[in-house]
Amino acid sequence: MFDSKTRTVVVVGAQWGDEGKGKLVDVLAERADWVVRYQGGANAGHTVHIGEDSFVLHQIPSGILHPGVRCAIGNGVVLDPETLFTEIDELVKDGIDVEGRLYVSDRAHLVMPYHKLVDKESQASKAIGTTGRGIGPAYEDKAGRRGIRVVDLKHPERLRGLVQQGCDYANMRLTRFGSTVRADVEQTLASLEAVSARLLALAEDLGVVLHRALRSGASLLLEGAQGSLLDIDHGTYPFVTSSNTTVGGAAIGAGIAPTALHAALGIVKAYTTRVGNGPLPTELDAELGERIRQLGNEFGATTGRPRRCGWFDAVVVRYAVRVNGLTGLAVTKLDVLDTLERVALCTGYRSGDDVLQEFPADITALEKLEPVYEWMDGWQQSTGDARSIDDLPMAARKYLDRLEALVETPIQYVSVGTRRDQIIEVPRSAP
């Protein structure tokens, strides 16, 4: 993946999130000098399995599990300090050396306690199905110029005024919701004082740091959260997150130039899932959906919520390929389909006598469209021990070949289990 011409790679979800980005970042990170998280917040959960140990990371990049790799949290992230230091302490407890390897952009905005109150009390948030972690309200304050950045912790008097403004605005909204809970200025300031020194010790002008790293020849792996169909501009609005999850957000969220991005790896499951409300065109019936959910352990790493399951949707992934400019794909959880007699790929959406090949912006119209399926034989053999494409059953290879043809993007990796070693790197002939 990394070479003299490809030193900056973006890893992005090409469905509705939960595609297995954490594992692929972990696999690729041993070849990188830096791993940078560029958007989202503690609503994301990346799970990495190493031997018998499992690590769930919400804000710290998965690369932290590789000694010597430097990790950074970019300005595009809304940072929850309490969650961050809980993660750090748990990693240290598990023997992971974090000292001197983790950087935080001093331009990153903070998720405040009152953001979580607003998120939990908002009926709009409940309707969309947010995690209640305060991510949306934090991004709203950022866009409304009421946000508090890491750098603001250096100036106590200015910080007090910002907290007062934030609490006042949050309380106005809470009153409008009919809630009796209230944000408290002194309590909020006390929570910031408890983490301020520790957070400022990690703070850097990250854009400068990464720019210098690139000039010195370093390799960067940029890690997004959620998935392309949850992008605030390009997702199934309004059932989306509050940031740009697509590759276009990577340069902005890390503080580097767009011309510094050399490749984009899209992560897709061999089927489709989404958490929360909103369209899922290929959603399975209750019985088969529950079977896939149990086989794939499709429960949110952050919230534990069950994920909705559907067949692989090539219309969705083709859209993600175009929006992101994907140069390759990694297909995860192929093994979850091992026991099925038949598997299906959605190739288009039927509308009357027409078949649509492009993903529509109109979600009301989308709900009326009927998926067009192409059925294939299942392989009904375990794929967990496969370490090359030739090790896979022929039916599984045919499924991947057809998937690749439908989305018009080369498959570069196939994951066949949760462990770090359960990965196939697909060889490609030189052009």
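Model, not experiment: these values are computed from the prediction.
Sorted by first then second residue, the side-chain hydrogen bond (donor to acceptor under 3.5 Å, both in side chains) pairs that include residues 203-218, not counting sequence neighbours, are Arg107-Asp205. Within the structure, every pair that satisfies the side-chain hydrogen bond (donor to acceptor under 3.5 Å, both in side chains) test and touches residues 73-95, not counting sequence neighbours, is listed here: Asp80-Thr83, Asp80-Lys116, Asp89-Arg198. Within the structure, salt bridge (charged side-chain N to carboxylate O under 4.0 Å, His left out) pairs that include any residue of residues 254-267 do not occur (at least two apart or interchain).
Side chain of Arg293 to backbone of Phe299: no donor-acceptor contact under 3.5 angstrom is found. Listed for the Arg397 side chain is a donor-acceptor partner under 3.5 Å among the backbone atoms of Leu392. Judged purely by atom type and a 3.5 angstrom limit, Ser179 has no side-chain atom pairing as donor or acceptor with the backbone of Glu121. A distance-only check finds a donor-acceptor pair linking the side chain of Asp33 to the backbone of Ser219 [under 3.5 Å]. A donor-acceptor pair is defined here as one N or O able to donate and one able to accept, closer than 3.5 Å; no such pair exists between the side chain of Glu223 and the backbone of Gly63. A side-chain donor-acceptor contact under 3.5 Å links Arg101 to the backbone of Ile64. Using modelled atom types, no side-chain atom of Arg133 and backbone atom of Gly41 make a donor-acceptor pair closer than 3.5 Å. With His262 contributing its side chain and Arg7 its backbone, the two residues share a donor-acceptor pair below 3.5 Å. Using a distance-only test at 3.5 Å, with no hydrogens or angles considered, a donor-acceptor pair links the side chain of Ser191 to the main chain of Thr188. Under a 3.5 Å cut-off, the side chain of Asn244 and the backbone N or O of Thr246 do not form any donor-acceptor pair.
In summary, the side chains of Ser415 and Lys23 do present a donor paired with an acceptor at a separation below 3.5 Å, with no hydrogens or angles considered. No side-chain donor from either of Asp313 and Thr282 sits under 3.5 Å from a side-chain acceptor of the other.
Under the rule for a side chain to side chain donor-acceptor pair (under 3.5 Å), the partners of His66 that lie at least two apart in sequence or sit in another chain are Asp26. With sequence neighbours excluded, the residues that form a side chain to side chain contact (heavy atoms under 4.5 Å, CB included) with Val343 are Trp311, Leu337, Leu340, Met376, Trp379, Tyr399. For Thr273, the side chain to side chain donor-acceptor pair (under 3.5 Å) partners are Lys269, not counting sequence neighbours. For Arg350, there are no side chain to side chain donor-acceptor pair (under 3.5 Å) partners two or more places apart in sequence or in a different chain. Checked against side chain to side chain donor-acceptor pair (under 3.5 Å), Tyr319 has no partners two or more places apart in sequence or in another chain. Scanning for side chain to side chain contact (heavy atoms under 4.5 Å, CB included) contacts around Arg387 gives Asp391, Val416, Arg419, Asp421, Gln422, with sequence neighbours left out.
Pro81 places none of its side-chain heavy atoms less than 4.5 Å from the side chain of Val150. Contact check for Leu345 versus Arg402: side-chain heavy atoms found under the 4.5 Å cut-off. In this structure, Leu280 and Phe239 have side chains that are not in contact, with every pair of non-hydrogen atoms separated by 4.5 Å or more. Between Thr418 and Asn297 the shortest side-chain heavy-atom distance does not fall below 4.5 Å. The closest side-chain heavy-atom distance from Tyr271 to Gln15 is not below 4.5 Å. Within the 4.5 Å cutoff, no side-chain heavy atoms of Tyr103 are placed close to those of Cys71.
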Inset, instruction - Kindly determine whether Leu222 and Val9 satisfy side-chain contact (heavy atoms from CB on, under 4.5 Å), including the steps that lead there. - result: CA-CA 6 Å; Leu222 302 180; Val9 176; over 6 Å; no
Inset, instruction - Begin with the C-alpha distance, continue with both residues' side-chain angles, and end with the deciding distance and a verdict on side-chain contact (heavy atoms from CB on, under 4.5 Å) for Leu400 and Leu334. - result: CA-CA 9 Å; Leu400 292 172; Leu334 182 70; 4.1 Å; yes
Inset, instruction - Evaluate salt bridge (charged side-chain N to carboxylate O under 4.0 Å, His left out) for Arg149 paired with Asp106, printing each intermediate quantity in order. - result: CA-CA 7 Å; Arg149 302 186 299 170; Asp106 57 6; over 6 Å; no
Inset, instruction - Decide yes or no on side-chain contact (heavy atoms from CB on, under 4.5 Å) for Phe2 and Thr8, but give the supporting numbers first. - result: CA-CA 8 Å; Phe2 293 102; Thr8 306; over 6 Å; no
Legend entry - Evaluation steps, side-chain contact (heavy atoms from CB on, under 4.5 Å), between Ile73 and Leu84: CA-CA 10 Å; Ile73 297 172; Leu84 173 67; 3.8 Å; yes
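Scanning all heavy atoms of the two residues, the minimum distance from Ala218 to Trp34 falls at CB-CD1, 4.2 Å. Closest heavy-atom contact between Thr6 and Ala263: CG2-CB, 3.8 Å. The two residues Ala270 and Phe312 come nearest to each other via the heavy atoms O-CB, 3.6 Å. Of all heavy-atom pairs spanning Ala314 and Leu406, the tightest one is CB-CB, 3.9 Å. For the pair Leu214 and Ala260, the tightest heavy-atom approach, listed with the atom from each and the gap, is CD1-CB, 4.0 Å. Annotation for Pro393 and Thr383: closest pair CD-CG2, 3.8 Å, computed over non-hydrogen atoms.
Asn277 CG to Arg274 CZ: the interatomic distance, rounded to the nearest 0.5 Å, is 8.0 Å. Note that CZ of Phe177 is 4.0 Å distant from OG of Ser122, once rounded to the nearest 0.5 Å. Separating the OG1 atom in Thr241 from the CG atom in Leu229 is a distance of 13.0 Å, to the nearest 0.5 Å. A distance of 4.0 Å separates CZ in Arg308 from CD in Glu283, rounded to the nearest 0.5 Å. To the nearest 0.5 angstrom, Leu206 atom CG is 15.0 Å from Tyr38 atom OH. Remark: Ile96 CD1 to Ile60 CD1 distance equals 10.5 Å, nearest 0.5 Å.
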Name the atoms and distances for all side-chain donor-acceptor pairs under 3.5 Å in residues 407-414, with sequence neighbours left out.
residue, atom, partner, partner atom, Å
Thr409, OG1, Val407, O, 3.1
Tyr413, OH, Arg31, NH1, 3.4

Side-chain donor-acceptor pairs of residues 249-259 under 3.5 Å, sequence neighbours excluded:
none

Which donor-acceptor pairs under 3.5 Å do side chains of residues 320-333 form with protein atoms, sequence neighbours excluded?
residue, atom, partner, partner atom, Å
Asn324, OD1, Val247, N, 2.8
Asn324, ND2, Ser228, OG, 2.9
Asn324, ND2, Ala320, O, 2.8
Thr327, OG1, Ala264, N, 3.0
Thr327, OG1, Ala264, O, 3.0
Thr332, OG1, Glu19, O, 2.6
Thr332, OG1, Val268, O, 3.3
Lys333, NZ, Gly296, O, 2.6
Lys333, NZ, Glu298, OE2, 3.0

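Other residues, nucleotides and ligands place no more than 12 heavy atoms under 6.0 Å from the CD atom of Glu99.
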